[in-house]
Each structure stands twice: as C-alpha cells, then as structure tokens.
Amino acid sequence: MARHLVTSALPYINGIKHLGNMVGSMLPADVYSRYLRQRGHDVLYICATDEHGTPAELAAKAAGMSVAEFCAQAHDAQKAVYDGFELAFDHFGRSSSHQNVEITQHFARKLWENGFIEERAISQVYSPVDGRFLPDRYVEGTCPHCGYDKARGDQCENCTRVLDPTDLLEPRSAISGSTELEIRETKHLFLLQSRLQHEVEAWVARHEADWPQLSSSIARKWLTEGLHDRAITRDLDWGVPVPADTWPELAAEGKVFYVWFDAPIEYIGATKEWADAAPDGETRDWKSWWYEADDTVRYTQFMAKDNVPFHTVMFPATELGVREPWKKVDVVKGFNWLTYYGGKFSTSQKRGIFTDAALETLPADYWRYFLIANAPESDDSSFTWEHFAATVNKDLADTLGNFVNRVLSFSRKRFGDEVPAGATAGEAEARLGEEIARLLTEYEEHMDTLQYRKAAAALRALWSAGNSYLEEKAPWLEIKTNPDGAALTLRTAMNLIHLYAIVSEPLIPTSAAAMRGAFALEADTATWVTPEEAKSLTTIQPGTPFTVPPVLFAKITDEDLESYRERFGGSDA
C-alpha cells in the first residue's frame, strides 16, 4: 500500500471562490484522493485558506473588521462551502496558524544560514496620502505587457506575468486610489533564487517527465528566462513576522514575510495542524509525510496555471535552499482556465458562478460531474448554461439516473422488494462482463494518470454499457415469455448499479451513496471492484432486499435555463 500526499492550491481568504477555482485545484484533488483511498492506499489530503498578504487586509478593511476576525469568519464560510461540495480533506487549515509561523521562520533562518537570503535596500512605492509603504497588491495600474488596466503590483490577472509595483503604468493606491505616489528607500529580505537556478533546473529535469505538458512548459519558460532574486518581505500589519532573533531591525519595523513565501510552506504547516488536532488516544506523525520522505511518499499537487510557477520553481528553490530533506512534489497537475461564456471567472470582479451560489442552485454532484467531465486540461474550457444542462440531462439524468430507476422500479413491480433469482447467466452476461472489465480498466488507467476528461468519458461509457445491455435484453418484453430470463436481466442490472455506486464515488459521492444504499447488504465493505471481479457481476445475490431511491438527477428544463441565465447572465456575460 503506497502513501500518497495530496495538496491543492490554497484558496485566498478574500471571499467565496468561483467554479474556476474549484475545478482548477480542490475538486480534482478530492476526486484523486477519494479514488486512491478506494484503491487501498494511505492518503493524506491537505489544504488551507491562504490568509496573509494584501487580499486579506483589503477585504477586512472593506468589511469593517479586524484582519484576524475577518479571516476566522471567512475560513469558516469557505469550509462550509467545501463541505457542501463533499470535499473530503483530511485537514483544512489556516496559513495564519502558529504551526505555519514556526515552520516559515525556520525555513527563513536556514536559508539565511546557507547564504540564500540577503538584506537589501530597495526603492518602494510610498503613499503620502495613506502614510505608508504600499506592498505589491496595494498598487494597481496598467500592465506594461498586455495593457490590462486593473493589473496588481505582484501579477497581472489578465496575462499572468509576474510584476513589481514599479513596473505598472499609471499606478495608484489600492487603499485610497491616490495617484500621488512616491518612490522611497526601505530594507527587505531577498531570496537569492539566482544562486539556486542550476539546482532547480536539475530538479525539474528529474521530475518533469511525470508532469502534464502545461506544468513542465511553464516551469521551463521561467527557467529559460532565468530565476531572479525576489523580495520575500512586505510592509503589512498581518502576516508571518520576520523573527527578531535573526533580523532585529526589520522585525522592529514590523516586516512580515511575503504571502508567496509562507503560503506553500503552509502545506507542511497544515499537516502539523492535522497532527496536533489528533483526538485523545491517537498519534499522528506529520513529519513522516514531509521529512526524509522521498522514498516513502508520492506527492501530487493540483493547481491552475497561474500558480504553477510558484510550485514548480519558487517553492522547490526554497526547499532546496534550506539544505534539509523536506519532501518535494512528484507530480504537479496544472489546469488551464475555466471561462464563463468565453470570459474569465473573476473573484475580484464578481464575474461568473460562485461556489455558494452553485450549491444554492443545484446539488453538488451535478457540479462535480460537469466540472470533471469538462476539466480545462489541454486548453481553456468554457462554461455555458446550455452545455451544463445538456451534460446533466444526457449523462446523469438519462444515462445513469434513468437506468437505476428503470431497473429497480420494474423489478419491484414484477418481482417484489427482493432481488429476483432467475436463470443462470448466459452469453449476453458474459459479453457484458468482458465489456465492463475493459471499460473499468480504462477508467483506472485514466484516473491513475490524472486524465480527468478521459476518466469521466470512461465512467460514462460504463453507465452506457448497462443501458445497452438493458436494451438488448428488453426485460419488459422478455418477462412475457421468459420470466426467469427477465429476472436474470434485472439481477445483472442491479449488480451493475452496485458496481456503478462504487466506481462513481470519486466523482458523485452523494449519488453513489444513494445507489449503494438501495441494497440492504449485511456486510457491504467493498471499496473497489477490480476488472476481473467486474466480469462476474454477482455481488448482489438473489433475495437481497432493496428499495427504490428518490430520483437521483432531475432534468434541467428550458424554464430552469431561463431562470439561471437571468440570475447569472448568459451569452453576453
């Protein structure tokens, strides 16, 4: 049994996230974690809210709250939404935790001792109106590369280029809007990434064969352009403090570490949070997942493409520089953008469908399945209500939901509330078993290699195979001349329902539980069905009581579509 560490990019604390965030990180990580657990692996899925930096301060200011109070409430609000999406984190932590503070400061001290951090005087934007230095995200302006007029001082949301505040054209304060900005000198700590360039290149070369092309190409682009020394401290009231025992002057000035320095370290910090939260009588060894774990742990990260550089280049540089055996990522699964009618989802601009509104509109499984089946892997993918409705109606309502309802309702009507016995399995059942085994093998291969669209297509094909079998055998006709044959068909189809419940659980856990719960099995402990086991389709034995669950998936009507477009916007969004 392998040990798998899974992390997804930390969602910013400044508000509920949109569907693009969900499909680009947390949902595929959850699907993979669920799948691995079902296959018998030891899995630890870690995530947390990213609570430092200017987004937190600006959002708290807008809400009229202290940053600490805002972050505590926002963390709970985000966690409630993720619970609604059935995200099965082992721990969902907070980057403001004392565990992350301690580990981040430890990393900084080690980097300093090893000559990879340097104190430098730099020119920084100062706002006389606000009476303070402005960290990167407190400065907004026009991107010099693409002309986007709402670029931030750390990164352009439009073209994803990393920026410095002084790069922006027509800069303004994000606090007051003042354009009366000055450049003054101040001191900050710099991570000397240039000294680690060759080590990072060698590390990427050893690992990129296991990464999707998107991740490796982004990493290579950054390395080709050359790693630059970057400031890792900011002038903020909220963040991981620069330790006074190492940098007393900077600590006295209230410097904190840059959010992109401490946020990846929170993967480790949140794992320690998980260990420290162990109930009485349980011991959790957090360090075995992270320290001297290269040969014992398989580490997979999930994130959208704007986060890929930080996890394929910047954080590995940090880990290499501490000169300690911390676990580095094995696979970086990067995703392109999910767009909304061709335009970008945007948290800051409130454009698109946000996860809380999604759950208020339809159950989580509708969203989970659609997003995975249309994951933006090789290219950007577009969300439209028309495409969403067509997918839900065809795949979930017609192919899977209708199959379950037809089989169980017809069997109860003709044979009662127990699984009928009927004839011995014949040639049609043997062919079906071979087809199910083949498709299940495909499904496993795609899940193992993190190819989500292909995995969803293989799962859909599994569901379709049951419908094809049902149409071939036509038990509603068969029962008129061969009741035992009809009973065999229905019993076989019920075994398919049970198989579907097990293998569909990573994508649609609530519906899978409803399918599995339809059968009153005394000991239903199976976590997976192997392709060889799938050939027999004999788990559900004659005489097993069953119930007909409520409709699994309601079709989305034209009236529903009209109301959704009215609420969220349509083609002109």
Side-chain angles (χ1 to χ4, degrees), residues 6-12 15-35 45 47 50 78 81-89 92 157 160 212 214-215 218 300-308 311 331-347 351-359 361-392 395-396 446-447 449-457 459-460 504 506-510 564 568 573:
V6 177
T7 63
S8 54
L10 310 185
Y12 275 128
I16 299 300
K17 305 297 109 177
H18 54 67
L19 292 183
N21 294 112
M22 180 63 69
V23 71
S25 57
M26 290 171 284
L27 179 57
D30 176 74
V31 170
Y32 187 53
S33 297
R34 287 176 176 274
Y35 168 75
Y45 176 22
C47 193
D50 183 359
Q78 286 198 24
V81 172
Y82 304 145
D83 287 345
F85 268 88
E86 298 283 335
L87 301 184
F89 303 115
F92 185 70
E157 187 181 44
T160 75
L214 177 65
S215 300
I218 290 174
T300 307
Q301 291 178 341
F302 294 82
M303 68 204 63
K305 59 186 176 184
D306 57 333
N307 286 329
V308 167
H311 293 78
V331 179
V332 179
K333 175 64 174 179
F335 289 87
N336 287 284
W337 303 125
L338 175 71
T339 65
Y340 186 71
Y341 285 89
K344 284 189 66 177
F345 281 81
S346 173
T347 299
R351 184 172 60 239
I353 305 170
F354 289 75
T355 49
D356 55 348
L359 292 178
T361 305
L362 288 166
D365 281 357
Y366 291 56
W367 302 105
R368 289 177 63 104
Y369 177 78
F370 175 83
L371 293 172
I372 292 299
N374 297 278
E377 293 175 296
S378 60
D379 204 349
D380 292 351
S381 61
S382 179
F383 178 94
T384 70
W385 282 107
E386 295 77 13
H387 186 202
F388 176 75
T391 300
V392 168
D395 295 357
L396 296 180
H446 296 321
M447 291 290 276
T449 55
L450 305 176
Q451 298 183 78
Y452 285 98
R453 284 191 176 217
K454 291 181 178 180
L459 182 61
R460 181 169 56 245
S504 303
L507 275 72
I508 49 172
T510 300
Y564 299 154
F568 296 100

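Any value given below was found using the heavy atoms of this structure, including those in side chains, with hydrogens, waters and symmetry copies removed.
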Any side-chain heavy-atom pair of [X] and [Y] under 4.5 Å:
X: Ser504; Y: Leu459; value: yes
X: Arg453; Y: Ser381; value: yes
X: Trp385; Y: Tyr340; value: yes
X: Arg34; Y: Leu507; value: no
X: Met22; Y: Leu87; value: yes
X: Phe370; Y: Leu19; value: no
X: Pro509; Y: Asp365; value: yes
X: Pro11; Y: Tyr82; value: yes

Please report the interatomic distance [atom1]([X]) to [atom2]([Y]), rounded to the nearest 0.5 Å.
X: Leu359; Y: Ile353; atom1: CG; atom2: CD1; value: 11.5 Å
X: Tyr35; Y: His446; atom1: OH; atom2: NE2; value: 11.0 Å
X: Tyr341; Y: Glu386; atom1: OH; atom2: CD; value: 3.5 Å
X: Asn336; Y: Asp380; atom1: CG; atom2: CG; value: 5.0 Å
X: Tyr369; Y: Leu396; atom1: OH; atom2: CG; value: 6.0 Å
X: Phe92; Y: Met26; atom1: CZ; atom2: CE; value: 7.0 Å

Note to self: Walk me through whether Leu362 and Tyr564 qualify under side chain to side chain contact (heavy atoms under 4.5 Å, CB included).
What the structure shows: CA-CA 11 Å; Leu362 288 166; Tyr564 299 154; 3.7 Å; yes
Check: Between the main-chain N or O of Asp306 and the side-chain N or O of Thr160, is there a donor-acceptor pair closer than 3.5 Å?
Finding: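 Answer holds: no.
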Next item on the list: Please confirm whether the backbone N or O of Ala390 pairs with a side-chain atom of His387, one donor and one acceptor, at under 3.5 Å?
Entry: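 No.
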Please report the closest heavy-atom contact between [X] and [Y], naming both atoms and the distance.
X: Asn21; Y: Ser25; value: O-OG, 2.9 Å
X: Val23; Y: Ala375; value: CG2-CA, 4.2 Å
X: Leu214; Y: Lys305; value: CD2-CB, 4.1 Å
X: Ser382; Y: Leu338; value: C-CD1, 4.3 Å

Notebook entry, point to check: In chain order, what residues pass the side-chain hydrogen bond (donor to acceptor under 3.5 Å, both in side chains) check against Tyr366, with sequence neighbours excluded?
Noted result: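 Once residues adjacent in sequence are excluded, Tyr366 has no partner under the side-chain hydrogen bond (donor to acceptor under 3.5 Å, both in side chains) criterion.
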Check: Taking only residues two or more places apart in sequence, or in another chain, which ones meet Thr361 in a side-chain hydrogen bond (donor to acceptor under 3.5 Å, both in side chains)?
Finding: Arg567
Next item on the list: Run the numbers on Thr300 and Leu450 for side chain to side chain contact (heavy atoms under 4.5 Å, CB included), then give the verdict.
Entry: CA-CA 10 Å; Thr300 307; Leu450 305 176; 3.9 Å; yes
Checklist line | Ile372/Arg368 under side chain to side chain contact (heavy atoms under 4.5 Å, CB included): CA gap, chis, key distance, verdict | finding: CA-CA 6 Å; Ile372 292 299; Arg368 289 177 63 104; 5.6 Å; no
Next item on the list: Quick one: sort the Phe335 and Phe302 rings into parallel, tilted or perpendicular, breaks at 30° and 60°.
Entry: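 Rings of Phe335 and Phe302: parallel, under 30°.
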Check: Pairs in or reaching into residues 332-346: which pass salt bridge (Lys or Arg N to Asp or Glu O under 4.0 Å), with residues at least two apart or in two chains?
Finding: Lys333-Glu377
Checklist line | Intermediate values then yes/no, side chain to side chain donor-acceptor pair (under 3.5 Å), Ser8 and Tyr45 | finding: CA-CA 8 Å; Ser8 54; Tyr45 176 22; 3.1 Å; yes
Margin query: Is it the case that the side chains of Gln78 and Tyr12 hold a donor-acceptor pair, with the cut-off being a distance below 3.5 Å and no angle test?
Written below: no
Checklist line | side chain to side chain contact (heavy atoms under 4.5 Å, CB included) between Tyr452 and Leu27, worked out | finding: CA-CA 11 Å; Tyr452 285 98; Leu27 179 57; over 6 Å; no
